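Small disclaimer: the values here were computed from a predicted structure and weren't measured. Order of the sequence lines fixes the chain letters, A, B, ..., with proteins taken first and strands second; residue numbering starts at 1 for each chain.
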Protein chains: 2
Amino acid sequence: MSTPTKEPPPSRRIADALRQAIERGEYSAGDKLPSERVLAATYESARNTAREAISILEAEGLLDVWHGKGAFVRPPARMIRLGANRYSHRLRIETGLSPFRAEAQRAGKTAHVEVPDIRRVKPPADVAERLGVPASRRSVVQRVNHYFADGEPVQIGVTYIPWVIAGGTVLATDATDPQSRFNSIYGEFEQLGHRLTKVREEITARMPRPDEVAMLRIPPGVPVIQVLHTGVDQDDQPFEITRFTMRADLNGLDYWLPIED
Amino acid sequence: MSTPTKEPPPSRRIADALRQAIERGEYSAGDKLPSERVLAATYESARNTAREAISILEAEGLLDVWHGKGAFVRPPARMIRLGANRYSHRLRIETGLSPFRAEAQRAGKTAHVEVPDIRRVKPPADVAERLGVPASRRSVVQRVNHYFADGEPVQIGVTYIPWVIAGGTVLATDATDPQSRFNSIYGEFEQLGHRLTKVREEITARMPRPDEVAMLRIPPGVPVIQVLHTGVDQDDQPFEITRFTMRADLNGLDYWLPIED
DNA sequence: CAGTGGTCTAGACCACTCA
DNA sequence: GAGTGGTCTAGACCACTGT
């Protein structure tokens, strides 16, 4: 008795056939797939059925579909690899680069960062808990950062700093001086007596929200990596939290972790 | 002159309306949305148009759609938080738990692990490079692990161990003894003279492949987190690599990183 | 059984790209 | 202009869930 595995419907069968053709290398990165109308004729189905097949592969992240042009096999992207050493004091002093700039440079990309918004706000619950500040009052400064690589937006970072630390300093008012050798907020923290000794990074991934799709210009079938980053100083006090949201196709994390006994 | 921002087509408008209703709390986690036929009538469109709206939200990971039942607001899932301390020698000895079991227990879930396949193979290129073994020969043992939490598959791990280390040992042949206090392959490595002193974890995220969807029973709109894990011993030699693939809605990473000066 | 989602059809019109 | 994807319609039948 063979198990009568129900065969998939036409749209799945077309999708499977195309996926296998891609895997077998019959279509290479950048190649154009047959048009929806051609696929429909080939598989003797309605155009909508062929279209459904294409959209399945698009949601899997295999295709780039361009209105008026066609569907193309998505080429793998060069990734920025974010390591923990990007927070290194020495690296910052020697290169004069902020963490993101240093990593982008290593990936052969040109980076720039914009700080479109700085304001005093009530912190989100998870941030308040980790910083040990009240969620009910405007106890933190919020700094929004947009990160670009080769002109393309690749990350958003929202930093929260307790008002008791940032109040009255440039952290609460200005982007750091682009000319400074301390071209990172960590340079400012050091001058305020907070030396970064360890960080906590809580990582997860999910599909982007529509506003993130718009902001980061995220194509279909690409998730975001979310990192909740906590900076801790020499007195074991958390003094800064940043929530990073990054395109998963352009960013990866690369950590070396010592194993305590 | 106002910018005549083109208004979205009906399917997007329905999707936006439903998304906002969910965000405003008009539908809570677990609530059932109106049926496709009802939505179509409400918005005076064809059923397919309402259906398209539902599938947009499903791809965003907001809905669970059940054949014959309806579309429901997806509730947030309890996550297993995987920290680097799961590799701690002391934790392993004290609890007698493998890394995964220890973390699952902390999340209040019952864990079990299956090792469905152990064999000698040619390593993938990235693995060969990191282990310093030839990719052209069957230079590694490959161990496939399936991880379950509360009976649900949540992770796949494929471990590669150089044949020069694993050959002739239980690493090449058997699952570790479930009764042993060293219920983890790291116990075996220690007996072979490889003490884990640090790990490298290279992290990225992407949409799952169809085989991963089937194996991990991944719902639509849920990405996977991929971790390429390298274990390094007291002599700075990499002795083991595992490629983890995990459902991003059920798993997160939680690392504490010391910052070198 | 009624109600729900899953899939398909055949056709239409629009919007975009490229020669 | 020809070719492509984007969207919609109106209807049909199937498969699954519940009472």
Would you indicate whether the side-chain heavy atoms of [Y] and [X] approach each other to under 4.5 Å?
X: Asp117(B); Y: Gln142(B); answer: yes
X: Ser11(B); Y: Tyr43(B); answer: no
X: Arg243(B); Y: Asp126(B); answer: yes
X: Asp150(A); Y: Arg78(A); answer: yes

[atom1] of [X] versus [atom2] of [N]: gap in Å, rounded?
X: Leu57(B); N: dG5(C); atom1: CG; atom2: C1'; result: 15 Å
X: Asp64(B); N: dG5(C); atom1: CG; atom2: C1'; result: 14 Å
X: Tyr43(A); N: dT9(C); atom1: OH; atom2: P; result: 14 Å
X: Trp66(B); N: dG5(C); atom1: CH2; atom2: P; result: 14 Å
X: Phe72(A); N: dC18(C); atom1: CZ; atom2: P; result: 8 Å
X: Glu58(A); N: dT4(D); atom1: CD; atom2: C1'; result: 14 Å
X: Arg51(A); N: dC8(D); atom1: CZ; atom2: C1'; result: 11 Å
X: Glu36(A); N: dA10(C); atom1: CD; atom2: P; result: 16 Å

Given [N], is OP1 or OP2 found less than 4.0 Å from the side-chain N or O atoms of [X]?
X: Ser11(B); N: dC8(D); value: yes
X: Thr49(A); N: dT9(C); value: yes
X: Lys69(A); N: dC18(C); value: yes

Polar atoms only, N or O, under 3.5 Å: list the protein pairs with nucleotides 11-15 of chain D and their distances.
unit_1	atom_1	unit_2	atom_2	d
dA12(D)	N6	Arg47(B)	NH1	3.4
dA15(D)	N3	His67(B)	NE2	2.8

Let's go through Arg200(A) and Asp254(B) carefully: what are the C-alpha distance in whole Å and the side-chain angles of both, what is the deciding distance for salt bridge (Lys or Arg N to Asp or Glu O under 4.0 Å) to 0.1 Å, and is it a yes or a no?
CA-CA 7 Å; Arg200(A) 181 187 190 184; Asp254(B) 186 356; 2.7 Å; yes

Under 4.0 Å between a Lys/Arg side-chain N and an Asp/Glu carboxylate O for Glu152(A) and Lys109(A)?
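Not counted as a salt bridge, because no side-chain N and carboxylate O are separated by less than 4.0 Å.
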
Run the salt-bridge test on Glu23(B) and Arg209(A) with the 4.0 Å N-O cut-off and return the result as yes or no.
no

Just checking Arg12(B): base, sugar-phosphate only, or nothing, at a heavy-atom cut-off of under 4.0 Å?
sugar-phosphate

